[in-house]
Amino acid sequence: MSENTLYDNVWENHKVTELPNGQDQLFIGLHLIHEVTSPQAFAMLREREIDIAFPERNFATTDHIAPTEEAKRDRPLQDEEAEEMLSALERNVSEAGITFFGFESGKQGITHVVAPELGLSQPGMTVACGDSHTATHGAFGSIGVGVGTSQIRDILATGCIAADKQKVRRINVEGSLGEGVYAKDIIMKIIKDLGVDGGVGHVYEYGGPAIEALDMEGRLAVCNMSIEGGARAGYINPDQTTYDYLEGREYVPEGEEFEELKKYWESISSGADAVYDDEVTIDMNDVDPLVTWGINPGQVIEVSEPIPAPEDFESRTDREAAEQALEHMNLEAGDSMLGYDVDVAFLGTCTNGRVSDFKIAADILEGRQVADGVRALAVPGSETVRQRCEELGIDETFIEAGFQWRRAGCSMCLAMNDDSLEGDEVCASSSNRNFIGRQGSKEGRTVLMSPAMVAAAAVEGEVTDARRFFDEETPTVTANDVEEVAD
Amino acid sequence: MSENHITEVGGTGVPIPGDDIDTDQILPARFMKEVTFDNMADYLFYDARRDADGEFNDHPLNRFEGASIAVVNTNFGCGSSREHAPQAMMRWGVDGVVGESFAEIFADNCKSLGIPAVTASHEEVTHLQEWIEDNPDGEIEIDVEEETVTYGENVIEGEIDDAMKEALVDGIWDTTTLMYSNLSKVEETAGKLPYVTSD
Ligand code: SF4
């Protein structure tokens, strides 16, 4: 049993009571609402004539169905189902007195991008949302959990969820990132080493030098994909980087109040005497950029490695998954992922749709062109991100390179709007899931990678080592290097 | 709804073989664009159940229409938190699931819907899946209290998570009702949190 970890401390502070079924009733300090998973929950409350318990602890926006083409954002939306969802959300939140960041607010976007940048997500909170990537908010040292619709109903009605406490695994990320290697690569490496179900029953506490060196946007990307590693939540203890990021944001109090809050933030961090259920170490020294080769986020390699063969895996499950993956992706074991043809480049999402992600990609795109035949989409994670990028002139770089510069939403991450893969297109994607059908076509093929790698793939029309576009000293890998080793 | 004790569920079975079956397969996202769960059964495993021309193929859900017990393998229901997935299964007719393991959010969602989820070993689960193929009309019974799955001459000594078992057997799986009675304690907890009071 873990003791005095941030997870224990925050849990203790938010625990209301133990329920007769043995679970804990946990107060949720921040509840984020979007259009897809909430309407049924509001309907259930109406049926029972229950009021919303803490409307001021709830914030809503629209992301999954949001059209990302400017012309398609006029109301009513052309897509009738999307319009119905959006107007249901507007009705529900306005009746309940919940703050809503709609299109006109200028702050609309993906919940997991909007809440951090507005300073809504803070250390020592419990954060819930009807979306599995709620772990993202753990970057601030909060406990973020994804919940289902029945639990959304619970939160609306009582401000709480019924939850079982998990075990805490500390992941020490040692070393430092080489040029062209990013936070996204850290989390992909963790999932590679620990597996897609390695985190089941656990929350992940990320720490160590490579994590401490990350800025907040990098930390958000790491925590975001905790769920892809099977962990329901993942977090990083708050530090000066966290406090500096928060200070001055819209929903963060100022002056004395800030100092008071900071005392609380410091008090909930894992103590020097913290006890973990489990500890593992991941070394990021000499790690190359990673890309997925398969149909789950654990089927991932460094670009310097060949695609593994099914027989390389010990468990029957992994072997079968590898066979299925090779067939779906039309890949051969032993080959390199470098040189794999790409039809679509997609930059955005709650993993990598923040300003720093677009900056990194823009550095590569500057003065270069998207390859012929590649459809390239840049979709800011929020309207705030879009505006900031436009202030910096980054949008120009994208447009000149041949990218479509869009409005904020989830977009091709799961294709609930018009942005979708067609047929068996291959997508170089900065998103978090490569499941079959995820990007809107059941033959579609997704290769997950960092924003730099997406930009590089867009330029070359194939998966390529983005470091070739860095200065000459940066070591790069080619398909030949990889296949020679494999032979 | 809250007084609903669930001690036994049963009926014929449907095997849904495969590991790591994610919620995007169970209920593809493009079918989540509805504000109620009413039609979700129609979309269950939508892509997997159809061939290239959109006709029903020989997917087990097409062959075992009317089944009540789904039998699955490891890490079933991983991926997104969408309750649409278990809702679709429930509305299709599933009253209970037996599997090697379940993704946590999926299991939580099952509990909220009053669907027992029993885990058993790989051998036991695959044996049951084969048995269903041979006995499409065979009865399977999940006893929640005993944590057993009975079919033909066989009994699986399975496992049901303690919280789920208590909730189902005591009829307290409706957590809204459970927690609603503690609202004053909730105020107290919230009142002690510096970020709530400082609002
Ligand atoms: S960007 Fe993708 S993963 Fe993130 S909330 Fe939207 S759909 Fe979910």
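Labels below follow one simple rule: chain letters A, B, ... track the order of the sequence lines, proteins then strands, and each chain is numbered from 1. For the numbers below, each heavy atom of this structure counts, side chains included, while hydrogens, waters and symmetry mates do not.
Only the side chain of D164(A) has a heavy atom closer than 4.5 Å to any heavy atom of chain B. Using a 4.5 Å cut-off between heavy atoms, Q40(A) touches chain B through backbone and side chain atoms alike. Within the 4.5 angstrom heavy-atom criterion, only side-chain atoms of L183(B), from C-beta onward, approach chain A. Only the side chain of D79(A) comes within contact range of chain B, with heavy atoms under 4.5 Å apart. Heavy atoms of T317(A) lying under 4.5 Å from chain B belong to its backbone as well as its side chain. Interface remark: K263(A) contributes no atoms to any contact with chain B (heavy atom separation under 4.5 Å). Neither the backbone nor the side chain of H133(A) comes within less than 4.5 Å of any heavy atom of chain B. Using a 4.5 Å cut-off between heavy atoms, R433(A) contacts chain B through its side chain alone, with no backbone atom that close. No part of L89(A) comes within reach of chain B, as not one of its non-hydrogen atoms sits under 4.5 angstrom from that chain. Only the side chain of A88(A) comes within less than 4.5 Å of a heavy atom in chain B; its backbone stays farther off. Heavy atoms of K165(B) lying under 4.5 Å from chain A are absent altogether. Residue S441(A): no heavy atom, backbone or side chain, is found under 4.5 Å from chain B. Neither the backbone nor the side chain of Y251(A) comes within contact range of chain B; no heavy atoms are under 4.5 Å apart. Only the side chain of Q166(A) comes within less than 4.5 Å of a heavy atom of chain B; its backbone N, CA, C and O stay farther away. Both the backbone and the side chain of S80(B) come within less than 4.5 Å of a heavy atom in chain A.
With contacts defined as side-chain heavy-atom distances shorter than 4.5 Å, the pair I227(A)/I105(B) qualifies. Contact check for N13(A) versus K192(B): no side-chain heavy atoms found under the 4.5 Å cut-off. Looking at heavy atoms from C-beta onward, E104(B) lies in side-chain contact with V200(A) at the 4.5 angstrom threshold. You'll find the side chain of P20(A) reaches within 4.5 Å of the side chain of L178(B), heavy atoms only. Residues M179(B) and L19(A) meet the side-chain proximity criterion, which asks for heavy atoms closer than 4.5 Å. P39(A) is not listed as a side-chain neighbour of T36(B), based on a closest heavy-atom distance of 4.5 Å or more. Residues D131(A) and R82(B) form no side-chain contact, since every pair of their non-hydrogen atoms from C-beta on lies 4.5 Å or further apart.
Interface check for chain B: of the options N296(A), V147(A), V196(A), the most heavy-atom pairs under 4.5 Å are formed by V147(A). Across H122(B), R30(B), K111(B), the residue that shares the most heavy-atom pairs under 4.5 angstrom with chain A is H122(B). Heavy-atom pairs under 4.5 Å with chain B were tallied for H64(A), M125(A), E35(A); the largest tally goes to M125(A). Note on G29(A), G22(A), A53(A): by heavy-atom pairs under 4.5 Å with chain B, the leading option is G29(A). By number of non-hydrogen pairs under 4.5 angstrom with chain B, the leading residue of G159(A), A82(A), G201(A) is G201(A).
Between N109(B) and G148(A), the shortest heavy-atom contact is OD1-CA, 3.3 Å. Of all heavy-atom pairs spanning G146(A) and S81(B), the tightest one is C-CB, 4.5 Å. In terms of heavy atoms, Y264(A) sits closest to P194(B) at CG-CG, 3.3 Å. Across all non-hydrogen atoms, the minimal contact from Q23(A) to A163(B) is CG-CB, 3.7 Å. Residues G79(B) and F435(A) share a closest heavy-atom pair of CA-CE1, 3.9 Å. Closest non-hydrogen pair, F27(A) versus V196(B), comes out as CE2-CG2, 4.0 Å.
Crowding of E254(A) atom CD: a count of heavy atoms from other residues, nucleotides or ligands under 6.0 Å not exceeding 12. Within 6.0 Å of CD in E159(B) there are 12 or fewer heavy atoms belonging to other residues, nucleotides or ligands. Within a 6.0 Å sphere centred on CG of N135(B), other residues, nucleotides and ligands contribute more than 12 heavy atoms.
A donor-acceptor contact shorter than 3.5 Å links the side chain of K33(B) to the backbone of M416(A). A donor-acceptor contact shorter than 3.5 Å links the side chain of D154(A) to the backbone of T176(B).
To the nearest 0.5 Å, the span separating CD on Q25(A) from CG on N182(B) amounts to 4.5 Å. Separation of atoms OG1 (T17(A)) and CD (E188(B)) is listed at 10.5 Å; rounding is to 0.5 Å. The CD atom of Q122(A) sits 9.0 Å away from the OH atom of Y195(B) when rounded to the nearest 0.5 Å. Taking OG1 from T175(B) and CG from N21(A), the interatomic distance works out to 8.0 Å, rounded to the nearest 0.5 Å.
For residues 17-26 of chain B, heavy-atom neighbours of chain A at less than 4.5 Å comprise D19(B), D20(B), D22(B), D24(B), sorted by residue number.
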| query | Please walk me through it: do T189(B) and K15(A) pass side-chain contact (heavy atoms from CB on, under 4.5 Å)? | reply | CA-CA 7 Å; T189(B) 306; K15(A) 177 174 166 177; over 6 Å; no
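For the residue pair T37(A) / E83(B), no side-chain donor-acceptor distance below 3.5 Å is found, with atom types taken as modelled.
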